[in-house]
Amino acid sequence: MNSIRTAVVALAAVATLGLGSAPALAQVQGGDSGTAQPVPRPKTCTANGGTFFCGGDFGDGKTYVTLSDGTKQLFVIGTDHNMWTTWFPPKGAQAAWMSLGGQNDFANKVKIVNRKGNAFSVGSRSFNIGADFFRDRDAGGNWSGWWTKAVHSG
């Protein structure tokens, strides 16, 4: 019985890692019908201790921002289709990967917009909704919730 409990706990711990634990085809709610649509699974790359999507609309998969103190912050879309970040201070070790969450269906490389010093927004396109979702980082390093703006054709 203890070995079953140990296996269940180990499996739950692996499932929470996010950067390398998503199934080959994530199922997400989306579209007008509200039915689950499979999110295409692109190629994966591994760097800096994380596995993330690359190739196609993901390019090399990595988006960097250099902050005023020299810290380089890296953003990727993990294999769970959510946004992840880590950073590299000028002196010291790489920070642990941190999930910024998302829509569970991000389908392209992270983009940086509205940059003003150490404040900026990060975003990616939702596969099922067809809109870009963003989070804002203020100059002090605090993050907003997710927001979107309607996709305009024209």
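The figures that follow rest on heavy atoms only: side chains count, while hydrogens, waters and symmetry mates do not.
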Original post:
Can you name the side-chain hydrogen bond (donor to acceptor under 3.5 Å, both in side chains) partners of Asp138, sequence neighbours left out?
Top reply: Asn142

Subject >> Partner set under side-chain hydrogen bond (donor to acceptor under 3.5 Å, both in side chains) for Thr63, not counting sequence neighbours >> reply: none

Is there a path of hydrophobic side-chain contacts, each under 4.5 Å between heavy atoms of I, L, V, M, F, W or Y residues, that connects [X] with [Y]?
X: Phe134; Y: Val122; answer: no
X: Met98; Y: Leu67; answer: yes
X: Tyr64; Y: Trp84; answer: yes
X: Met83; Y: Ile112; answer: yes

Drop me the distance from [X]'s [atom1] to [Y]'s [atom2], to the nearest 0.5 angstrom.
X: Leu100; Y: Ser124; atom1: CG; atom2: OG; answer: 11.5 Å
X: Asn108; Y: Arg125; atom1: CG; atom2: CZ; answer: 7.0 Å
X: Arg137; Y: Asn114; atom1: CZ; atom2: CG; answer: 14.0 Å
X: Asn104; Y: Asn128; atom1: CG; atom2: CG; answer: 10.5 Å
X: Thr79; Y: Phe52; atom1: OG1; atom2: CZ; answer: 11.0 Å
X: Thr86; Y: Gln94; atom1: OG1; atom2: CD; answer: 3.5 Å

**OP:** Kindly say whether the aromatic ring centers of Trp146 and Phe106 come within a distance under 6.0 Å.
**Re:** yes

**OP:** Could you tell me if the ring centre of Phe53 sits under 6.0 Å from that of His81?
**Re:** yes

Subject >> Set of residues satisfying side-chain contact (heavy atoms from CB on, under 4.5 Å) with respect to Asp136, sequence neighbours excluded >> reply: Ser121, Ser144, Trp147

Original post:
So, Asn82 versus Ser99: side-chain donor-acceptor pair below 3.5 Å or not?
Top reply: no

Subject >> Side chains of Asp69 and Thr71, donor plus acceptor under 3.5 Å >> reply: yes

Which heavy atom in [X] sits nearest to a heavy atom in [Y], and how many Å separate them?
X: Gly49; Y: Trp97; value: C-NE1, 3.6 Å
X: Val76; Y: Gly61; value: CG1-O, 3.4 Å
X: Leu74; Y: Phe88; value: CB-CE1, 4.0 Å
X: Ala119; Y: Ala139; value: CB-N, 3.8 Å

Original post:
Do Gln103 and Thr148 have side chains that get closer than 4.5 Å, going by heavy atoms?
Top reply: no

**OP:** Would you indicate whether the side-chain heavy atoms of Val110 and Ile77 approach each other to under 4.5 Å?
**Re:** yes

**OP:** Would you mind listing every salt bridge (Lys or Arg N to Asp or Glu O under 4.0 Å) that reaches into residues 109-119, with sequence neighbours excluded?
**Re:** Asp60-Lys109, Lys111-Asp132

Original post:
Relative to the ring of Trp143, is the ring of Phe120 parallel (under 30°), tilted (30 to 60°) or perpendicular (over 60°)?
Top reply: perpendicular

Subject >> disulfide bond (SG atoms under 2.5 Å apart) partners of residues 82-145, not counting sequence neighbours, each pair once >> reply: none

**OP:** May I have all residue pairs that pass disulfide bond (SG atoms under 2.5 Å apart) and include part of residues 54-147, sequence neighbours excluded?
**Re:** Cys45-Cys54

